[in-house]
Amino acid sequence: MLDLKALEKNFDEIAARLRTKGVEEETLAKLKELFEEYKKQKRALEELQAKQNSLSKLFGQYKREGKDINELKRELEINKTDIAKLQEIVRDLEAKLKELALTIPNPPDPDVPVGKDESDNVELKRVLEPKSFDFEPKEHWELGEKLGWIDFERGVKLAKSRFSVLKKEAARLERALINFMLDHNRSYGFEEVCVPFMANSTTLLGTGQLPKFEEDLFKVCDEDLYLIPTAEVPLTNLYQDEIIKDLDSPIKLTAYTPCFRKEAGSGGRDVRGMIRQHQFDKVELVAITRPEESDKVFEEMVECASSLLTKLGLPHRHVMLCTGDLGFSAAKTIDLEVWLPGQGKYREISSISNTRDFQARRARIRFKDGKKNRLVHTLNGSSLAVGRTLIAIMENYQTKEGHIEIPKALEPYL
RNA sequence: GGACAGGUGGGUGAGCUGGCUGAAACCACCUCCCUGCUAAGGAGGCGUGUCCAUUACGGGCACCGCGGGUUCGAAUCCCGCCCUGUCCGCCA
C-alpha cells in the first residue's frame with residue numbers, strides 16, 4: 001500500500017509518479033480527501049471515547065462512595081449513542097479508504113523510464129550471442145510432440161486447455177532444472193525453504209494479488225484459500241505481521257513451487273505450446289532487507305538469475321520495464337528475456353522486482369532499527385520459470401536431426 | 001469429522017465472582033552501578049498501532065486469537081468463526 005501520510009505531504013510528486021503508471025490524479029485526490037476526512041472524524045470519535053472513559057471511571061467511584069449516579073448515568077447514555085453514531089461514520093470511512101488505497105499501485109522509482117507499454121521498455125544489455133543454425137530451428141511444441149516429451153492433448157483431457165504433461169527426458173529435465181537452480185541460489189546465499197502451495201486472503205492481500213486481481217487466481221471452493229500464483233506470496237508473507245529483531249544482513253530465501261494462474265486477461269495469447277500455462281514450475285528468490293540495502297540486493301538478484309542462464313548457455317537480455325509495464329506492487333523491475341530461436345524472439349523468463357515498502361506496509365513486516373520499528377523492503381524475482389527454461393533449452397540446443405543436446409551444467413543432475 | 005481442554009505482552013504464566021489491569025510475577029533483553037574480568041549482586045527500562053503535542057517532558061484512543069453482542073464500563077459475561085492441544089474415527 002502506498003504511504004498515505006507521504007501522499008498527504010507530497011501530493012504533487014507522488015501523483016506525478018503514479019500518473020506514469022496509469023493512475024488518475026482525481027483518484028488520488030479522492031484518496032487524500034478521504035484520508036483527511038477519516039482522520040478528522042476519528043479524532044472526534046476519540047474525544048467522545050475519552051469522555052466516556054473518564055465518566056465511566058467516575059461512575060464506579062460514585063457508586064463506591066454511595067453518591068447519586070442518576071444524572072451521570074443519563075449523560076453516559078447520551079454520550080454512548082453519540083459514540084455509536086460517530087463510530088458508524090468512521091467505520092464507513094475507513095472501509096472506503098481501505099478499499100481505495102489497496103487498489104492503488106506502487107509508485108515507480110524516479111529512475112524508471114517513463115513509458116506506456118512494453119514497447120517502451122529499455123534493453124540494458126545482452127548476454128551470450130544467439131548461435132546461428134544451418135537449418136530452420138523449430139519451435140518447442142513441434143520438437144516436444146515429435147520427441148514425445150510434451151503431451152498437450154492429455155493435459156487438456158486431465159484438466160483443461162493450458163495444461164500439459166511432460167514425459168521422457170522432459171520430465172527428468174524439469175526436475176533436474178529445479179535442483180540445479182536451487183543449488184545455484186544457495187551458492188548466492190539464498191536459503192532454501194519449502195512452503196505451502198495455497199495461501200489465504202490475508203496473505204494474498206499482503207503481497208498485492210488481492211483485492212484487485214482475484215480473477216487471476218484459482219480459489220479453493222468453500223475455503224478462504226487460493227492456489228499460489230508465485231512463491232513470492234508465501235515467501236514474502238513468511239514474515240507477515242512480524243517485527244524482525246536482527247536484520248543486520250538481509251533475509252534471502254529461495255523456494256521451488258508450482259504456480260497457478262488463470263491467465264484471465266491473456267486472451268488468445270500463446271495458446272500454442274507451453275509458454276503460458278495455468279500451472280507451471282518456478283524457482284523463486286525473495287529478499288527482505290533494510291531500506292538502505294534493497295538496491296544492492298536487487299542487483300545481486302538480477303545477477304543470480306542471469307548467471308543461471310549463462311551457466312545453461314542460454315542467450316538472454318536484461319530489460320528495464322518502463323512505468324507503464326510495471327506490475328502493481330513493483331517500484332522497479334528488470335526482466336530477463338531468453339532467446340528462443342524457434343520463435344526468433346526474446347521471451348520473458350525471469351522478472352526481478354523491488355517493491356520497496358509497498359508490500360511491507362500491507363503485510364506489516366517491520367524490523368527493529370535501534371528502538372524504532374521501521375518497514376522493511378521486500379524484493380522478489382524468478383530464478384527462472386522452469387517450464388520456459390525447458391523450452392529455451394529445447395529450442396537452443398536442438399540439432400538438425402531433431403534431437404536435443406543437454407547443457408553441460410545439467411549433466412550432474414541427470 | 002466427533003468429544004473435551006485451551007488461545008493473555010519475546011518466552012513461561014497470573015488475572016477471568018466486570019471498574020483500582022494494557023495487564024502481576026518470573027525468564028530473556030537493554031542501560032547504568034558495583035566488580036580487575038566473560039560469575040554473583042544492585043537501580044531502572046522493556047508490547048503494537050494511531051492521533052495530538054513537540055524545545056523537552058508528555059498525553060488521548062484502540063488492541064489480551066478474530067468478529068459481533070450485553071453493560072455507564074469487558075482480557076474478564078454471551079454468541080459466531082478461526083486456531084492449538086488431547087482422545088476417538090479416517091487417511092498419505
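Order of the sequence lines fixes the chain letters, A, B, ..., with proteins taken first and strands second; residue numbering starts at 1 for each chain.
- Under the Watson-Crick or G-U wobble criterion, with both distances below 3.5 Å, B/U55 is left unpaired in every strand shown.
- Rounding to the nearest 0.5 Å gives a distance of 16.0 Å between NZ of A/Lys51 and CD of A/Glu46.
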Show which side-chain atoms of residues 209-218 of chain A pair as donor or acceptor with protein atoms under 3.5 Å away, not counting sequence neighbours.
unit_1	atom_1	unit_2	atom_2	d
A/Gln209	OE1	A/Thr207	OG1	2.8
A/Lys212	NZ	A/Thr103	O	3.1
A/Glu214	OE2	A/Tyr226	OH	2.7

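- Between the CG atom of A/Asp241 and the P atom of B/G9 there is a distance of 13 Å, rounded to whole Å.
- Residue contacts shown for A/Lys40 are absent, as no nucleic acid heavy atom lies under 4.0 Å away.
- A cation-pi arrangement is found for A/Lys32 relative to A/Phe11, the charged atom lying closer than 6.0 Å to the ring centre and inside a 45° cone about the ring normal.
- Note: CD (A/Gln41) to P (B/C61) measures 19 Å, nearest angstrom.
- With a cut-off of 3.5 Å on both Watson-Crick or G-U wobble distances, the partner of B/C83 is given as B/G6.
- When both pairing distances are held under 3.5 Å, B/C32 makes a Watson-Crick or G-U pair with B/G42.
- Separating the CG atom of A/Asp246 from the C1' atom of B/C30 is a distance of 15 Å, rounded to the nearest angstrom.
- No more than 12 heavy atoms of other residues, nucleotides or ligands shown are found within 6.0 angstrom of NZ on A/Lys40.
- Pairing partner, B/C61: B/G49, with both Watson-Crick or wobble hydrogen-bond distances short of 3.5 Å.
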### Task
Could you please spell out the steps behind the ring-ring contact (aromatic ring centres under 6.0 Å, His included) verdict for A/Phe163 and A/Phe152?
CA-CA 7 Å; A/Phe163 283 91; A/Phe152 294 105; over 10 Å; no
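- The interatomic distance linking A/Tyr62 (OH) with B/C20 (C1') rounds to 17 Å, in whole Å.
- A salt bridge links A/Glu292 and A/Arg290; the closest N-O separation between the charged side-chain nitrogens and carboxylate oxygens is under 4.0 Å.
- Taking the six-membered ring for Trp and thresholds of 30 and 60 degrees, A/His316 and A/His318 have nearly parallel ring planes, at less than 30 degrees apart.
- Close to B/C52, at under 4.0 Å from its OP1 or OP2, lies a side-chain N or O of A/Arg43.
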### Reading 5' to 3' through nucleotides 63-74 of chain B, protein heavy-atom contacts under 4.0 Å coded B for base, S for sugar-phosphate only, - for none
-----S--BBS-
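- Under the 4.0 Å criterion applied to side-chain N and carboxylate O atoms, A/Asp357 and A/Arg361 are assigned as salt-bridge partners.
- Taking the C1' atom of each, B/A14 and B/G6 are spaced 16 Å apart, rounded to whole Å.
- Checking A/Lys5 against A/Lys245, the closest nucleotide of RNA chain B that is more toward the 5' end is the one next to A/Lys245.
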For nucleotides 46-49 of chain B, give me every protein contact, N/O to N/O, under 3.5 Å, one pair per line with atom names.
unit_1	atom_1	unit_2	atom_2	d
B/U48	OP1	A/Lys368	NZ	2.8
B/U48	OP1	A/Asn373	ND2	3.0
B/U48	O3'	A/Arg366	NH2	3.0
B/U48	O2'	A/Arg366	NH2	3.4
B/G49	OP2	A/Asn373	ND2	3.4

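- Base pairing analysis places B/A23 opposite nothing; no Watson-Crick or G-U wobble pair with both distances below 3.5 Å involves it.
- Going from atom OG of A/Ser56 over to atom CD of A/Gln49 covers 11.5 Å, rounded to the nearest 0.5 Å.
- The CG atom of A/Asp82 sits 17 Å away from the P atom of B/C61 (whole-angstrom rounding).
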